[in-house]
J.: 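Before anything else, here's the structure in question.
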Amino acid sequence: MHSTSHSKTSIGGISRDRIAMLRDTEAEVFRKARPKSEAKAGNGLPGFFGGVPMHWMNDWPTPFPILVGSARGATITDIDGNRLDDFCLGDTGSMFGHSPPPVARAIRRQSGRGLTYMLPSEDALAIGPLLQERFGLPFWQIATTATDANRFALRVARAVTGRETILVFNGCYHGSVDETMVRLVDGKPVNRPGLAGEFRDLTRATKIVEFNDIAALEAALADRDVACVITEPVLTNSCMVLPEPGFHDALRRLTRAAGTLLLIDETHTISTGPGGYTKKHGLEPDLFVLGKPVAGGVPASVWGLSDQIASRYAAYNRTKEPGYSGMGTTLSANPLQFATMRAALEEVMTEAAYARMGRLARRLDAGLTAVIDRCRLPWHVARVGARVEFICAPGPLRNGGEAEAAHAPELEAAIHVALVNQGVLIAPFHNMMLISPATTAAQINRLIAAFAAVAARLAA
């Protein structure tokens, strides 16, 4: 059983005093390297609530937001001229690099033909077969975000089953879908702490159990009132939790026995391979969602239905009351999405690209693990394909509760800023690093060296 190494005087095996010293020292280094950014954004970006266009831009642990001048491949350059090896890559949105050339060409080509008109383009003729071949499901729809796609897919699940309740795993990530914003606290389901303006009890129509807990899953499905289980194949949004052997087989067997649909959300785990974790591991979802990187950085998402679910939903539509389904947004399935998605699927998200990404990710995994072992830190590394995380606690983690307990915000924030000052950018909310097709071996070496330098300072 995993146990954390946090205490009142230390976090992740590191004293709080040492963490605070690192954070303060590195904050000053950050400021001195960015006089233009501090002058323009040090007190917030003018006109925006909270000083930022999107509130989570304030959640980055740097003293003020990095103002990006340009990004290309796997490198970001800020307005002060500082170059960063980018392993955050828009927290998966730019997983295949910034402005992949085929996607950039598609944008230029489509920009002269119109950006949105509520009608398909010829690129749409290619998209459907590409999605069928890539992910194995026969029927698809286009949305703008994975949050939208998940919402729509859950509506279908409820429509065809006649059931209201869904089931999620503690620690899950499915964008901002309301029903998934629940957590287990002391073993009891509650609204996720920190939700703004949420007056409903979201647990009324959502069951929540721990990932990898087959017995709890079976018990939760026993009443046969769950329309759909929505899950990532791997928990990814706090500290990474891998499925234990047999878990996905049991999940599929139990959902089928209970008449419950299975929705697999691959928005983060598309790092696994061209067909995601689903294709590589032979999962058999009824519904499938992929967002973020599917159009190379242009906002787009896809959701797919099995043949059986499509048939059941078509039958439902023939009998339901006429009127708007409540599923869809005006800008979804626009021609810019078609053009960029086609370019991404045909020319960017290739077998060759994933082979390279996998090789470099394994190299990074081994390098970070060697540093942790050498410094005798009670940490570990987790990986799913081209997605790598270092976790400041022993592992492996088994479920979302353990992942939440392993999260070490103060320590992770200090490490993050120290890495930025050495020219390396990782994800701010969890220690996630992505390898893109544009990432080089030299960048991997620089990340390992930077991590080693920071770890040595903390462990000294």
Side-chain angles (χ1 to χ4, degrees), residues 71-75 85-106 126-127 129-137 232-234 236 240 242-243 248 264-283 288 290-297 300 302 340-370 381-390 424-427 432-448 451:
R72 184 175 183 180
T75 302
D85 294 329
D86 187 8
F87 292 91
C88 174
L89 294 169
D91 198 11
T92 312
S94 293
M95 192 182 94
F96 300 101
H98 296 289
S99 299
V103 173
R105 288 194 296 270
I127 296 295
L130 283 169
L131 293 171
Q132 290 173 328
E133 180 182 1
R134 179 69 63 109
F135 303 113
L137 293 175
E232 308 167 84
V234 174
T236 62
M240 192 186 297
L242 298 172
H248 277 296
I264 296 291
D265 181 353
E266 289 265 13
T267 296
H268 282 168
T269 54
I270 192 63
S271 60
T272 308
Y277 195 99
T278 294
K279 190 75 169 282
K280 182 170 183 178
H281 294 276
L283 307 188
F288 178 101
L290 171 61
K292 286 191 179 177
V294 71
V302 298
T340 52
M341 200 181 307
R342 181 178 183 179
L345 290 168
E346 289 183 339
E347 302 179 67
V348 178
M349 299 169 64
T350 64
E351 292 278 3
Y354 270 101
R356 172 182 170 79
M357 292 155 64
R359 284 195 301 272
L360 291 177
R362 290 189 291 272
R363 181 172 179 172
L364 177 59
D365 183 345
L368 298 180
T369 298
V381 178
R383 181 176 68 86
V384 56
R387 185 184 184 95
V388 183
E389 287 185 16
F390 65 86
V424 174
L425 186 70
I426 67 173
M432 186 275 295
M433 297 150 285
L434 283 166
I435 312 303
S436 78
T439 303
T440 65
Q443 288 178 308
I444 298 291
N445 292 340
R446 287 196 291 269
L447 171 52
I448 294 170
F451 180 77

J.: Are the side chain of R363 and the backbone N or O of N445 linked by a donor-acceptor pair below 3.5 Å?
T.: no
J.: Counting N and O atoms only, with roles assigned by atom type, does the side chain of Q443 sit under 3.5 Å from a partner on the main chain of A74, one being a donor and the other an acceptor?
T.: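 Yes; judged by distance alone, with no hydrogens or angles, the pair exists.
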J.: Rounded to the nearest 0.5 Å, how far does NZ of K280 lie from OG1 of T269?
T.: 12.0 Å
J.: Can you see which heavy atom on A300 is nearest to which on A295, and at what distance?
T.: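 Minimum heavy-atom separation between A300 and A295: CB-CB, 3.7 Å.
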J.: Quick one: pull up CZ in F288 and CG in D265 and give me the separation to the nearest 0.5 Å.
T.: 8.5 Å
J.: Between T340 (side chain only) and V103 (backbone N and O only), is there a donor and an acceptor less than 3.5 Å apart?
T.: no
J.: Which is it for L131 and L345 under the side-chain contact (heavy atoms from CB on, under 4.5 Å) test, yes or no, and what are the steps along the way?
T.: CA-CA 8 Å; L131 293 171; L345 290 168; 3.9 Å; yes
J.: Near K279 NZ, under 6.0 Å, is it more than 12 heavy atoms from other residues, nucleotides or ligands?
T.: yes
J.: Between CG of L360 and CG of L447, what distance do you get to the nearest 0.5 Å?
T.: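 These two atoms lie 11.5 Å from each other.
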J.: Does CZ belonging to R72 count more than 12 external heavy atoms closer than 6.0 Å?
T.: no
J.: Can any side-chain N or O of R387 pair as donor or acceptor with the backbone N or O of M432 at less than 3.5 Å?
T.: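 Here the side-chain-to-backbone pair does not exist.
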J.: With a 4.5 Å heavy-atom cut-off, do T236 and T267 have their side chains touching?
T.: no
J.: Which heavy atom of A343 sits nearest to which heavy atom of P102, and what is that distance?
T.: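 Answer, listing the atom of A343 first, then P102: CB-O, 3.6 Å.
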J.: Any sub-3.5 Å donor-acceptor pair from H248's side-chain atoms to L283's backbone N or O?
T.: no
J.: CE of M357 to OG of S436: how many Å apart, nearest 0.5 Å?
T.: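 Between atom CE of M357 and atom OG of S436 there are 7.0 Å.
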J.: Let me confirm one number: the NE2-CG distance from H98 to L89, rounded to the nearest 0.5 Å.
T.: 5.0 Å
J.: For E133, is the CD atom crowded, meaning more than 12 foreign heavy atoms sit under 6.0 Å from it?
T.: no
J.: For the pair F87 and T439, evaluate side-chain contact (heavy atoms from CB on, under 4.5 Å) and give the outcome as yes or no after the intermediate values.
T.: CA-CA 8 Å; F87 292 91; T439 303; 3.9 Å; yes
J.: Could you give the distance from CD (E389) to CG (L368), rounded to the nearest 0.5 Å?
T.: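 Here the interatomic distance stands at 11.5 Å.
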J.: According to the interplanar angle, ranging from 0 to 90°, do the rings of Y354 and F96 count as parallel (below 30°), tilted (30 to 60°) or perpendicular (above 60°)?
T.: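 Aromatic pair Y354/F96 classed perpendicular.
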J.: Any donor and acceptor pair, going by atom type alone, linking the side chain of K292 with main-chain N or O of D91 inside 3.5 Å?
T.: yes
